[in-house]
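Hydrogens, waters and symmetry mates play no part in the numbers below; they use all other heavy atoms, side chains included. Start at 1 and go down the list; that is how both ligands and their atoms are numbered.
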Amino acid sequence: MSKRKKNILFQLTGSIACYKACNVISRLVQEGHDVKTVCSQNALKFIGKSTLEGLTHRAVYTDTFEDRSALEHINLTRWMDLAIVCPATANIINKLAAGIADDYISTIFLACDFKKPYLIAPAMNLNMWKHPATRNSVKTLQGWGVNVLGTATGYQACGDVGEGRLLEPEAIYKEIVKAL
Ligand SMILES: Cc1cc2nc3c(=O)[nH]c(=O)nc-3n(C[C@H](O)[C@H](O)[C@H](O)COP(=O)(O)O)c2cc1C
């Protein structure tokens, strides 16, 4: 990876694994990168804005219609060198693959031209991960050039054991570095 600091757009959705994403964000900031975070409304039920603001020293984006500069979702796609959704819920994966743009993260996604790396780090229950809707969406996204990372296998918060766990923070950090 070039030593130049990169602009990373780090997007979180409503998964129990949001706490793990904080380690990745912290690592990126410590390595000198500029990180802006976007949270879905449901991600905010798992993690507070203060944590992300403390880690990134920047305000968190949550509302497409918030009164910042106009068309901030377009500005973010110009600013970023890389985008990642981490953790990515089954909902956002299926929504992105369907081309729906009804929240901040999906609106940004539709404004991306895929000339820059776009990563998705899924985190969900094993049945959600194996669901035909999710399988089809992952294939669709990969076909568009999105880098959908794998998942880890193991204990899940619901008590099930299997695929769908978010990769460990170090593995996600390495994937980001590789993509850059
Ligand atoms: C305690 C709890 C944990 C959840 N964890 C996950 C998860 O890890 N992955 C997932 O896909 N959905 C999970 N969900 C369900 C999502 O939060 C739900 O589908 C939500 O609509 C996702 O919204 P978003 O994708 O806009 O953030 C969880 C829900 C609860 C109540």
Side-chain angles (χ1 to χ4, degrees), residues 8-26 35-53 55-56 58-66 72-73 76-77 80 83-112 118-142 144 146-173 175-176:
I8 315 274
L9 189 64
F10 203 105
Q11 305 164 98
L12 299 93
T13 55
S15 159
I16 191 95
C18 278
Y19 75 96
K20 279 185 173 177
C22 293
N23 287 328
V24 186
I25 294 168
S26 172
V35 182
K36 289 185 179 177
T37 53
V38 184
C39 278
S40 70
Q41 292 300 322
N42 290 323
L44 293 175
K45 300 200 168 98
F46 293 87
I47 188 164
K49 280 187 186 180
S50 306
T51 300
L52 297 173
E53 288 173 358
L55 288 172
T56 63
R58 285 182 167 282
V60 180
Y61 295 83
T62 54
D63 177 0
T64 324
F65 295 96
E66 214 166 13
E72 193 66 6
H73 60 288
L76 286 171
T77 65
M80 70 187 204
I84 181 166
V85 186
C86 171
T89 57
N91 175 58
I92 196 72
I93 288 173
N94 288 311
K95 201 195 267 195
L96 297 185
I100 295 168
D102 66 351
D103 67 5
Y104 219 139
I105 293 173
S106 53
T107 301
I108 290 169
F109 180 77
L110 271 196
C112 285
Y118 194 107
L119 277 65
I120 288 183
M124 67 197 71
N125 162 270
L126 65 97
N127 287 336
M128 292 171 114
W129 180 238
K130 284 197 277 185
H131 195 286
T134 310
R135 302 268 41 87
N136 281 340
S137 294
V138 167
K139 270 195 210 134
T140 300
L141 291 167
Q142 287 170 334
W144 294 342
V146 175
N147 183 356
V148 183
L149 305 182
T151 64
T153 301
Y155 176 80
Q156 305 196 321
C158 55
D160 288 339
V161 177
E163 287 177 59
R165 269 173 67 96
L166 184 70
L167 292 175
E168 289 308 312
E170 186 59 22
I172 296 169
Y173 174 76
E175 291 287 353
I176 292 172

Looking at residues at least two apart in the chain, or sitting in another chain, which of them share a side-chain contact (heavy atoms from CB on, under 4.5 Å) with [X]?
X	value
Thr64	His73, Tyr104, Thr107
Lys130	Leu126, Asn127
Asn23	Pro169

Query - Residues lining ligand 1 [heavy-atom distance under 4.0 Å, listed by chain and residue number] - result: Thr13, Gly14, Ser15, Ile16, Ser40, Asn42, Phe46, Thr89, Ala90, Asn91, Ile92, Ala123, Met124, Met128
Query raised in the report: Any donor-acceptor pair under 3.5 Å linking the side chain of Gln41 with the backbone of Thr62?
Result: yes
Query - Side-chain heavy-atom pair Thr134, Trp129 within 4.5 angstrom cut-off - result: yes
Report task. Take Lys49 and Leu44, measure what side-chain contact (heavy atoms from CB on, under 4.5 Å) needs, and give me the verdict at the end. Result -> CA-CA 7 Å; Lys49 280 187 186 180; Leu44 293 175; 3.9 Å; yes
